[in-house]
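Chain A is the first sequence line, chain B the second, and so forth, proteins listed ahead of strands; every chain is numbered from 1.
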Amino acid sequence: MVSQDKKTILISPVTRIEGHAKITIQLDDAGEVSEALFHVNEFRGFEKFCEGRMYTEMPIITPRICGICPISHSIASVKACEMIQGIQPAYTGDLLRRLIHIGQNISSHALSFFHLSSPDFLLGFDSDPALRNIVGLAEKYPDIALRGIRLRKFGQEISERITGKKIHIAGIAPGGMAFPLTEENRKALLAWIPEALETVKMGISIIKKFQEENFGMVNSFASSPTLYLGTVGPEGQHELYDGKLRFMNADGIILQDQLEPKRYLEFIAERSVSWSYLKYPYYKPLGFDKGFYRVGPLARLNVSTRMKTPLAQKEFVNFKSMGGGKPVHGTFFYHYARLIETLSSVEEAEVILNDREITSANIQTHGRWNYNEGVGSSEAPRGTLFHHYVTDVTGKLTHVNLLIATGQNNPSMNRSITEVAKQYVRGDQIKEGMLNRVESAIRCYDPCLSCSTHAIGKMPLKLEIYNDRGELVKQHAEN
Amino acid sequence: MLKTDLTILVVGIGNNCRGDDGLGWRFVETVEALGLAFVGCEYRYQLQVEDAELISAFDLVVFADASYETLDKGFEVRACTGNATFEFSTHAQSPEAILKLCNTIFKKSPKAYIVAIGGDSWELTTSLSIKAEKNLNAAVGFFTGQFLPVQHARVCVD
């Protein structure tokens, strides 16, 4: 986006995130940052082209929205289908879905921390951008790179050993699962737990060391307060798979609690913006201007009362202490929160794998269309996800609403990059490291903007700076 | 040293629901249908860092993908060497970067080639364009008729 009467810095695409986006930074006449905008330039159209399809196709169609968090879509989708059918899943099938969901959380969070973000922490925000990635990390810290790769692999192997595939799996179905877990696969997955725990603990020590050594930067990095949304268990405990909604304000006061996800439209509204295909959701009771809320690991830990597992609980207590009794607002702490969730997920995976019913063949109940509306929700790695289906009497979809996790962070992502840009970018001396810090604000949220087509030789990276006459004056990086 | 068990991995890259972007997968499907014992086949939307471990187990790796470029014979086979190339997104790695990772982390350096097959249309469809089909046939013909026999023979006398 180029303004005719202001200077504009364009970062396109944003690097080391899932999907494609660009950032524009507007400079005023004095060369200071006036505004930064996060543009999502993908349009997929799932809500529209699914109209007319049978609701039972959605657990297969909607995971194709994303290759990083497809299971969250599967889970939300089958729950919506189960509401339409009026059934509950079989115990073991539900447990297997929970396990697969945990596996996705582990692999997605491992990708985010070790592959996308740790190069900044370990190699430096101002290091050579050509090496500030997993390849550069592997050269300098091969053990860390390998451990990160293997942690991600463990998460994917959970899906593979149950369903035969790592991504876009089949088998998560209304009523439970289509495939059981064999005893051989159960033992193989259990064997991973010790290594996975050690890797997550290593990640936690990396981020805590960085936080301690860069205390000032970390605490001032995009730290404006917001509301928070996450799902929790019946006692307010951290819950990713099957919780109820909890909204919390910036002072830590619970605004809404134990809400059924099907009531989401009573509390969440969306507004379109001109510069992005991603809308601006907000907490309806407080209106657009005061209703920005965040989702994802930081939000989930802020709204939760406790974790379910012991090692994660210990880190959770430390996390909460950083807020001094109030929510932790610093955007940078998404990374720490993400690792605490990963630790919890590995611990919970071990508990589930030791459940006496986990290899049972009782994996699915069956139903048929009974109601014309269903809403399903799950906590995707990036935040709360909603699938809302309305059908006719034959089961054909007449309306689909998908409220994606990353979309709910959109207002806050825009605000965060503006804050970081104002803090680090100086129009008269634009350095790559400054712009990397702006991008890293986005990376804290680990947004998932979905994947798109590619072919050999077609992934350009451009950073262009225009003067106030719209003339290109500088190209900062190009691939 | 005489070596009789060359292992080859063929990786098809692309999205088979976006027209000619499915060329990589179609190439692998065709090779897989031949049922060659020493050829492993994998399908990927995009290469990811964990593929470095996958390829470390093979002597020779072939990456097949669609190309936007106009290629003389409709396809091109070129050697691929490990290089820390800068990709804008870590969740989509280049073959060169995967090879570099394989060497750095797993201390393995399989021989590698890229088979680039010319595509023409990239819309939402599971079918290939006529031009892409022609290019695919040419690429597969070369691969099975000339490339594979040479590679297999070469290793046997190394």
Side-chain angles (χ1 to χ4, degrees), chain A residues 12-20 45 49 64 67-68 107 110-112 114-117 119 128-153 156 166-168 439 448-449 451-462 477 479, chain B residues 13-24 43-54 63-69 71 76 78 80 82-107 114-119 122-124:
Chain A
S12 178
V14 176
T15 63
R16 285 183 279 135
I17 60 170
E18 324 290 357
H20 303 195
F49 71 66
R64 268 71 184 169
I68 302 295
S107 81
L111 173 74
S112 170
F114 287 98
H115 300 173
L116 303 182
S117 297
D128 182 358
L131 294 173
R132 196 177 56 220
N133 49 48
I134 187 65
V135 177
L137 186 75
E139 289 200 323
K140 196 163 178 194
Y141 301 100
D143 180 56
I144 293 176
L146 175 61
R147 298 276 287 275
I149 289 172
R150 284 182 59 78
L151 181 62
R152 177 162 155 76
K153 185 179 175 182
Q156 292 177 330
K166 290 179 190 172
I167 61 169
H168 293 161
E439 289 182 56
C448 188
L449 308 168
C451 307
S452 63
T453 306
H454 84 288
I456 290 175
K458 183 75 178 178
M459 293 300 248
L461 162 65
K462 281 186 185 174
N479 194 13
Chain B
I13 307 167
N15 184 342
N16 65 341
C17 293
R18 296 296 292 260
D20 294 348
D21 199 43
L23 274 164
Y43 299 83
R44 293 286 184 270
Y45 292 109
Q46 292 156 329
L47 291 176
Q48 299 194 1
V49 292
E50 49 266 25
D51 291 320
E53 186 181 16
L54 169 70
F63 301 98
D65 197 352
S67 174
Y68 283 101
E69 299 167 18
L71 302 167
E76 182 182 75
R78 57 177 186 264
C80 180
N83 189 9
T85 55
F86 174 48
E87 292 291 329
F88 84 91
S89 171
T90 310
H91 81 290
Q93 290 292 321
S94 67
E96 291 84 354
I98 294 300
L99 279 166
K100 179 69 178 173
L101 273 174
C102 181
N103 176 251
T104 305
I105 298 176
F106 302 100
K107 312 300 180 198
I114 292 175
V115 176
I117 309 170
W122 317 94
E123 301 305 313
L124 277 173

(request) Begin from the C-alpha positions of Arg150(A) and Glu50(B) and carry the test salt bridge (Lys or Arg N to Asp or Glu O under 4.0 Å) through to its verdict. (result) CA-CA 8 Å; Arg150(A) 284 182 59 78; Glu50(B) 49 266 25; over 6 Å; no

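Side-chain contact between Phe114(A) and Val49(B) is absent, with no heavy atoms from C-beta onward closer than 4.5 Å.
Here Gln48(B) contributes atom CD and Ile149(A) contributes atom CD1; the two are 11.0 Å apart, rounded to the nearest 0.5 Å.
Results of the side chain to side chain contact (heavy atoms under 4.5 Å, CB included) test with Glu139(A) over Asn103(B), Ile105(B), Thr104(B) single out Thr104(B) as the only residue that passes.
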